[in-house]
Protein chains: 2
Amino acid sequence: MPLTPTTRDRLVAGVTHLLRTGRHVSSRAAESVYGGLPSFGWTLLVPLERDGEQRCSALAGHAGVDVSVVSRQVAALERDGYVERRPDPHDGRASLIGLSPAGAAALARTRELRSAWATAALADWDEDDARLLSELVERLAADLDRAATPPRQPVGAAS
Amino acid sequence: MPLTPTTRDRLVAGVTHLLRTGRHVSSRAAESVYGGLPSFGWTLLVPLERDGEQRCSALAGHAGVDVSVVSRQVAALERDGYVERRPDPHDGRASLIGLSPAGAAALARTRELRSAWATAALADWDEDDARLLSELVERLAADLDRAATPPRQPVGAAS
DNA sequence: GAGAAGTGCTTGTAGACCGCAACCATACGT
DNA sequence: ACGTATGGTTGCGGTCTACAAGCACTTCTC
């Protein structure tokens, strides 16, 4: 266990700070970056654009929240015309949610704004540091995910 | 601007994911790590332990939230006996909030739990990576902070 | 030193999110 | 066909947050 307690605490504190900052950013710099979409629009619309039509449960999986939350959010997006819903031809219980033209346009607009904002915020980062940070952050997120989920038997144990 | 759009987007996505995960962690792994304290206990009690008695506004500054939020949280902590309040001798408007013995004990307990949890979660990190990530995360948080606050004149402009 | 303005804090109010549980409709296994 | 499982919606409660109004006190100004 070659990880110094000092470093561990510092990392935890740093991530905590980043968390708080991130919350501030997504609420304060919100309107200038969301481009008309509600706050959750980006999270839901991006998977729709990337993977095409899909059901609520799939979106909930991508977003990492409860299905009920996505259900409401999708209802709002549908009401505002950003997504379209059609019954799943293979399963009468489910609906398929798809990006509408207006949704695609809003998404493109938002993408521009986000890019501009991120470019400004990351102005004095260079490629190497950013790439390194990306990798470490992804790894950390994965580890935290793993640690947060209830202790599973990792390998070959009878469930 | 030597930062590839690909890397930029990847970094944003990674941080977003980390944000979501962090929220999950602090709500799901909560009880096992908070040691009896309410969810905001750690955030408030740590500065009290480190810097001694201080006022609500200072705590709000540390926590990065509105004073009104801290006011309620402190009231709750006081009700549960984790902090003590006394009038500021130099300013009749303010109160000084201090850690009570029970608060110190709870904080120590929480620290143990958090350490254990963090150690487990970061089990396969080595010192170098963790330290590097710490530095990069702190730098990123600072940059985001800066980018989130309303555009100030950075240098030598008449305010 | 009296009034005006500023400051520290509390409380009322409201909004954004979230998850759980209950419920309905449909699908699936036997 | 019947019981069970699954996708989705809605009701409900909880947490966390900020803003605005109000109170007590301090500080400034004349």
Side-chain angles (χ1 to χ4, degrees), chain A residues 16 19-31 33-34 37-44 53-80 83-98 148-150, chain B residues 16 19-31 34 37-44 53-80 83 85-98 148-150:
Chain A
T16 303
L19 239 70
R20 197 177 58 223
T21 302
R23 203 174 32 200
H24 278 177
V25 166
S26 63
S27 79
R28 192 164 301 269
E31 297 122 24
V33 158
Y34 286 162
L37 271 68
S39 61
F40 45 80
W42 179 263
T43 311
L44 294 187
E53 286 182 324
Q54 47 197 302
R55 15 177 92 179
C56 271
S57 47
L59 287 175
H62 285 131
V65 296
D66 193 85
V67 189
S68 63
V69 176
V70 171
S71 174
R72 288 178 244 268
Q73 294 176 340
V74 163
L77 291 175
E78 187 186 13
R79 178 170 38 73
D80 293 347
V83 300
E84 286 158 352
R85 181 196 303 261
R86 69 178 178 109
D88 185 330
H90 300 322
D91 188 336
R93 298 166 299 180
S95 301
L96 289 179
I97 316 295
T149 53
Chain B
T16 303
L19 240 70
R20 198 178 55 223
T21 302
R23 205 174 26 200
H24 278 178
V25 166
S26 63
S27 79
R28 190 164 303 269
E31 297 122 24
Y34 286 161
L37 272 68
S39 62
F40 45 80
W42 178 263
T43 311
L44 293 186
E53 285 182 326
Q54 46 197 301
R55 12 177 96 179
C56 272
S57 46
L59 287 175
H62 285 131
V65 295
D66 193 83
V67 189
S68 63
V69 176
V70 171
S71 175
R72 289 178 239 267
Q73 293 176 340
V74 163
L77 291 175
E78 187 185 14
R79 179 171 36 73
D80 293 348
V83 301
R85 179 196 304 260
R86 70 178 178 110
D88 185 329
H90 299 322
D91 189 335
R93 299 166 298 182
S95 300
L96 289 179
I97 316 296
T149 53

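Below, chain A is the first sequence line, B the second, and so on; all start at residue 1.
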Inset, instruction - Could you grab the distance from atom CG of L37(B) to atom CG of D80(B), nearest 0.5 Å is fine? - result: 9.0 Å
Legend entry - Atom-to-atom span, CZ of R55(B) to P of dC25(D) - whole angstrom: 14 Å
Inset, instruction - Starting at atom CD1 of I97(A), determine the distance to atom C1' of dT9(D), rounded to an integer number of angstrom. - result: 12 Å
Inset, instruction - Compare every heavy atom of P38(B) with every heavy atom of L77(B), then report the nearest pair and how far apart it is. - result: CD2-CG, 3.6 Å
Inset, instruction - Identify the two heavy atoms, one from E53(B) and one from L96(B), that lie closest to each other, and give their separation to 0.1 Å. - result: OE1-CD1, 3.9 Å
Inset, instruction - Look only at the side chain of S71(B) and the backbone of V67(B), and say whether a donor-acceptor pair between them is shorter than 3.5 Å. - result: no
Inset, instruction - Please list, by residue number, the residues of residues 58-68 of chain B whose heavy atoms come closer than 4.0 Å to an atom of DNA chain D; answer none if no residue qualifies. - result: V65(B), D66(B), S68(B)
Legend entry - Sub-4.0 Å heavy-atom contacts from residues 72-79 of chain B onto DNA chain C, ordered by number: R72(B)
Inset, instruction - Under 4.0 Å from any heavy atom of chain B: name the first and the last nucleotide of DNA chain C that qualifies, 5' to 3'. - result: dG6(C) to dG19(C)
Legend entry - Length of the NE2-P vector between H24(A) and dT17(D), whole Å: 8 Å
Inset, instruction - Give the minimum heavy-atom separation between R20(A) and H62(B), together with the two atoms involved. - result: NH1-O, 3.4 Å
Legend entry - Any N/O donor-acceptor pair, R93(A) side-chain to dT6(D) base, under 3.5 Å: yes
Legend entry - Residue met sooner reading DNA chain C from 5', once V69(A) and H90(A) are mapped to nucleotides: V69(A)
Inset, instruction - Under 4.0 Å between any heavy atoms, over every strand shown, what does S95(A) touch: base, sugar-phosphate, or nothing? Just pick one. - result: sugar-phosphate
Inset, instruction - Measure the CD-CG distance between Q73(A) and L59(A) for me, rounded to the nearest 0.5 Å. - result: 9.5 Å
Inset, instruction - Remember a base hit wins even if backbone is also touched, and classify R85(B) as base, sugar-phosphate or nothing at under 4.0 Å, heavy atoms. - result: sugar-phosphate
Inset, instruction - Please say which of I97(B), V74(B), D91(B) ends up in a side-chain contact (heavy atoms from CB on, under 4.5 Å) with R55(B). - result: D91(B)
Legend entry - Inter-residue atom distance R93(A).CZ - D88(A).CG, 0.5 Å rounding: 9.5 Å
Legend entry - Expected output: side-chain Y34(B) to main-chain W42(B) donor-acceptor under 3.5 Å: no
Legend entry - Minimum-distance pair of heavy atoms, taken over all atoms of C56(B) and V70(B): O-CG1, 3.8 Å
